[in-house]
Asks: 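Following this message is one structure expressed as structure tokens.
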Amino acid sequence: MFHIFCPYCDERREEEEFHPNGQAHLVRPADPDSVSDEAWGDYLFFRDNPRGIHHEMWVHRLGCRKFFNITRDTTTYEILETYPMGEQPTITAETARVRHEQGVQTADGGWQTVGARPENSTLNEETPS
Amino acid sequence: MQRYSGFSLVKHALSHHENWQRHWRNPTPKKRYDVIIVGGGGHGLATAWYLAKEFGITNVAVIEKGWLGGGNTARNTTIVRSNYLWDEAAQLYNHSLDLWKGLSQDLNYNVMFSQRGVLNLAHTLQDMRDVQRRVNANRLNGIDSEVVTPDQIKEIEPALDTSKRARYPVMGASWQKSAGVARHDAVAWGYARGADSLGVDLLQNTEVTGFKIRDGKVFGVHTNRGDIEANTVGCVAAGNSGVLANMAGLKLPLESHPLQALVSEPLKPILNTVTMSNHVHGYVSQSDKGDLVIGAGIDGYLGYGQRGSFPTVEHTLQAIVEMFPMFSRVRMNRQWGGIVDTCPDACPILSKTKVKGLYFNCGWGTGGFKATPGSGHVFAASLAKGEMHPIAAPFSIDRFHTGALIDEHGAAGVAH
Ligand SMILES: Cc1cc2nc3c(=O)[nH]c(=O)nc-3n(C[C@H](O)[C@H](O)[C@H](O)COP(=O)(O)OP(=O)(O)OC[C@H]3O[C@@H](n4cnc5c(N)ncnc54)[C@H](O)[C@@H]3O)c2cc1C
Ligand SMILES: [Zn+2]
């Protein structure tokens with residue numbers, strides 16, 4: 001169960017209030033009539049599907065009903081940040097790798113290596129498929 | 001290969017069943033093969049078996065990062081049907097259904113294929129129209145589909161609540177009598193044993209970590225056990241297909257989502273058939289062991305974690321209790337998830353790629369188990385000839401740029 005921080009309500013709420021809406025930051029071609037079939041097909045159907053850091057759009061469906069973005073790890077399911085529409089992520093696949101190796105500043109001011117957190121080691125390991 | 005029969009059972013009883021042959025060898029990888037299959041799920045193993053048996057190509061390796069069938073093949077709820085709307089899909093799934101019928105004999109392995117039929121329920125007028133349209137399309141394609149009334153449904157599946165009291169009363173259903181279920185891991189094991197006996201190397205605990213590509217042509221793969229070469233490589237990796245495609249510098253129109261299933265404690269026989277409802281959104285059948293096998297929709301977000309979220313479990317069970325109020329006190333025994341590769345038009349991709357010799361068979365999403373034999377067969381034919389088999393051809397990845405989609409969303413009953 002996710003507890004998702006809505007950047008508009010300024011509150012952490014249960015997953016059930018939200019709905020995922022796929023990859024964030026997609027830009028619709030300005031003039032669809034002039035793009036190639038290739039570019040139009042890419043825009044319509046081809047999404048990033050990373051094993052790792054993903055920027056995705058969610059809607060606070062049963063709350064403020066506003067859309068916002070989440071940066072989330074698709075293997076551990078850890079939500080790394082949420083941010084309003086129109087803003088850019090502060091954590092990307094590249095910075096997350098550094099963060100993973102070097103650790104992070106936690107909310108209470110501590111310093112923690114992400115990979116060493118107990119909840120990441122067993123629960124979040126994918127069973128080998 | 002030691003064949004299974006009543007006689008062999010009696011013979012081995014005399015030595016307390018201690019001398020049965022192993023199902024397959026555990027070979028060390030060779031340097032070179034004619035064909036490499038990446039992914040040892042049902043589809044990959046079926047491809048290897050048909051390559052060896054039908055097309056005489058036995059110098060084949062199946063490379064599997066975990067154990068055989070440990071992906072979606074042994075995580076699915078085993079519904080087999082072919083009542084799809086569009087001609088292309090109907091042909092593909094019906095080809096598969098034809099192969100299912102003789103599969104246990106072909107493989108000399110009991111895959112427990114049981115044609116107990118499937119009901120796809122309709123609860124609204126629009127559902128009814130969709131059912132009628134799909135049934136008519138099915139019949140034109142020679143599929144034994146029919147529209148049944150609530151009274152007929154009651155006869156087929158007495159435990160189902162067909163009363164007017166239900167919150168979403170059942171208005172009718174489509175009924176495919178030749179549909180059913182099969183034992184999923186037996187399918188993987190049967191194909192694996194057959195392929196191994198014809199000389200195919202099954203390389204378990206071997207993960208593909210990259211492709212060897214030169215001048216736009218594939219000539220092998222990198223693995224955690226060293227490089228292995230082949231000029232034809234077929235990727236059949238379900239939820240991890242996108243990750244593999246990335247390694248070859250390709251992008252696929254797939255999204256990987258968790259899909260979960262549950263089984264209950266074993267019960268005395270209570271269900272006759274498979275019941276699916278798109279509207280209430282759940283489906284259930286009963287295994288030969290007696291457990292209710294339950295599933296529903298995907299978790300809406302991307303995930304590679306092979307587990308699902310609790311809200312989805314709750315929705316799934318609400319749907320089951322809505323359809324079968326008598327199950328409200330049944331306890332669930334186990335719950336798990338698999339990673340399904342959903343495609344924008346809910347149809348698979350069986351295709352060549354921009355890299356010569358590199359093929360993908362993926363995008364089966366929530367409903368590929370039923371297609372295992374057919375997919376393996378047409379994919380093997382395509383790899384053997386270097387040209388896509390006519391049944392596979394419409395499922396080319398090009399359709400996402402030409403617009404020739406095969407939009408099966410309307411036809412899917414909970415999309416399995
Ligand atoms: C809960 C659930 C219920 C379902 N219910 C149904 C149903 O009722 N009916 C139906 O028809 N379908 C159903 N499906 C869908 C069906 O299970 C799949 O479409 C089908 O099993 C896919 O088979 P596969 O062989 O392609 O994939 P898999 O069995 O997933 O095999 C792919 C294999 O590739 C391996 N692999 C991945 N990456 C690598 C790598 N880099 N190197 C080496 N190996 C790799 C994996 O370990 C895996 O074993 C369901 C799926 C789920 C999860
Ligand atoms: Zn909000």
Side-chain angles (χ1 to χ4, degrees), chain A residues 1-4 13-24 26 32 35-59 61-62 69-80 82 93 119-129, chain B residues 39-41 64-67 69-75 204-205 207 237-246 250-258 298-307 309-315 336-339 341-345 397-403 405:
Chain A
M1 170 78 84
F2 289 135
H3 277 140
I4 299 175
R13 308 287 303 176
E14 281 188 3
E15 176 181 345
E16 278 284 79
E17 291 187 12
F18 299 86
H19 191 77
N21 274 274
Q23 187 181 334
L26 291 173
V35 297
S36 64
D37 289 353
E38 186 87 13
W40 186 243
D42 285 353
Y43 163 68
L44 284 182
F45 301 121
F46 288 73
R47 298 290 176 263
D48 292 341
N49 189 21
R51 230 191 133 91
I53 302 299
H54 188 235
H55 307 291
E56 56 201 17
M57 196 161 58
W58 286 66
V59 60
R61 186 173 59 149
L62 303 178
N69 299 314
I70 292 184
T71 302
R72 193 175 55 89
D73 189 320
T74 62
T75 54
T76 64
Y77 292 5
E78 184 183 12
I79 293 176
L80 301 168
T82 63
E119 72 264 31
N120 286 357
S121 61
T122 45
L123 181 67
N124 292 333
E125 268 294 299
E126 181 194 12
T127 49
S129 63
Chain B
E64 165 56 51
K65 71 173 173 174
W67 61 91
N72 292 347
T73 295
R75 292 167 188 269
Q204 301 187 71
N205 296 315
E207 178 164 0
N240 282 295
S241 300
V243 179
L244 277 169
N246 273 345
L250 303 167
K251 199 163 176 182
L252 299 172
L254 300 177
E255 290 193 302
S256 298
H257 291 271
I298 56 174
D299 286 11
Y301 45 81
L302 297 191
Y304 286 88
Q306 287 187 316
R307 63 200 155 86
S309 68
F310 287 114
T312 305
V313 175
E314 194 176 353
H315 293 307
W336 65 90
I339 302 306
D341 41 342
T342 60
C343 208
D345 61 355
I397 191 171
D398 294 342
R399 71 182 191 271
F400 298 99
H401 290 122
T402 62
L405 303 185

Asks: What is the minimum heavy-atom distance between B:Gly300 and A:Pro20, and which atoms define it?
Replies: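 What the structure gives for the nearest pair is C-CG, 3.5 Å.
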Asks: Under 4.5 Å from any heavy atom of chain A, what part of B:Leu252 do you find: side chain, backbone, both or neither?
Replies: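 Just the backbone, heavy atoms under 4.5 Å.
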Asks: Select one option (side chain, backbone, both, neither) describing which atoms of A:Asp73 are under 4.5 Å from chain B's heavy atoms.
Replies: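 Nothing of A:Asp73, per the 4.5 Å heavy-atom cut-off to chain B.
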Asks: Determine, stepwise, if the pair A:Arg51 / B:Asn240 fulfils side-chain hydrogen bond (donor to acceptor under 3.5 Å, both in side chains).
Replies: CA-CA 9 Å; A:Arg51 230 191 133 91; B:Asn240 282 295; 2.6 Å; yes
Asks: For the backbone of B:Leu254 and the side chain of A:Asn49, can you confirm whether one donor and one acceptor N or O come within less than 3.5 Å of each other?
Replies: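 Such a contact is found between A:Asn49 side chain and B:Leu254 backbone.
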Asks: To the nearest 0.5 Å, how far apart are OH in B:Tyr301 and CZ in A:Phe18?
Replies: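 Going from OH on B:Tyr301 over to CZ on A:Phe18, the span is 13.5 Å.
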Asks: More than 12 heavy atoms of other residues, nucleotides or ligands under 6.0 Å from CZ of B:Phe310: is that the case?
Replies: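 Open.
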Asks: Enter the distance from A:Gln23:CD to B:Leu302:CG here, rounded to the nearest 0.5 Å.
Replies: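 Reported to 0.5 Å precision, the distance equals 8.5 Å.
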Asks: Taking only residues two or more places apart in sequence or in another chain, which ones pass salt bridge (charged side-chain N to carboxylate O under 4.0 Å, His left out) with A:Asp42?
Replies: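 For A:Asp42, no residue satisfies salt bridge (charged side-chain N to carboxylate O under 4.0 Å, His left out) once neighbours in sequence are set aside.
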Asks: Taking A:Arg72 for its side chain and B:Gly303 for its backbone only, find out whether a donor-acceptor pair lies under 3.5 Å.
Replies: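 Not at all, since once roles are kept as given, no pair shorter than 3.5 Å links the two residues.
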Asks: At what distance, to the nearest 0.5 angstrom, does NE2 of B:His257 lie from OG1 of A:Thr74?
Replies: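 Between B:His257 NE2 and A:Thr74 OG1, I get 11.0 Å after rounding to 0.5 Å.
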Asks: Do A:Tyr77 and B:Pro258 have side chains that get closer than 4.5 Å, going by heavy atoms?
Replies: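 A side-chain contact exists here, since the closest heavy-atom pair is under 4.5 Å.
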Asks: How far does OH of B:Tyr304 sit from OG1 of A:Thr75, to the nearest 0.5 angstrom?
Replies: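 Atom-to-atom, B:Tyr304:OH and A:Thr75:OG1 are 10.0 Å apart.
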Asks: Tell me every residue that passes ring-ring contact (aromatic ring centres under 6.0 Å, His included) with A:His55, counting only those two or more places apart in sequence or in another chain.
Replies: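 A:His55: no ring-ring contact (aromatic ring centres under 6.0 Å, His included) contacts found.
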Asks: Return the CE to OG distance between A:Met1 and B:Ser309, rounded to the nearest 0.5 Å.
Replies: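 OG of B:Ser309 is found 7.5 Å from CE of A:Met1.
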Asks: Which heavy atom of A:Thr76 sits nearest a heavy atom of B:Arg307, and at what distance?
Replies: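 Heavy atoms only, the tightest pair is O-NH2, 3.7 Å.
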Asks: Specify which of B:Gly403, B:Gly41, B:Gly242, B:Pro311 makes the most heavy-atom pairs with chain A at under 4.5 Å.
Replies: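 Among the listed options, the one with the most contacts to chain A is B:Pro311.
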Asks: May I ask you to check whether B:His401 and A:Phe46 place their ring centers less than 6.0 Å from one another?
Replies: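 Ring centres of A:Phe46 and B:His401 closer than 6.0 Å.
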Asks: Given the rule in the side chain to side chain contact (heavy atoms under 4.5 Å, CB included) test, do A:Phe45 and B:Leu405 qualify, once you have shown the distances and angles that lead to the verdict?
Replies: CA-CA 11 Å; A:Phe45 301 121; B:Leu405 303 185; 3.5 Å; yes
Asks: Tell me, for A:Glu38 versus chain B, whether the close heavy atoms (under 4.5 Å) come from the side chain, the backbone, both or neither.
Replies: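 The answer is both parts of A:Glu38.
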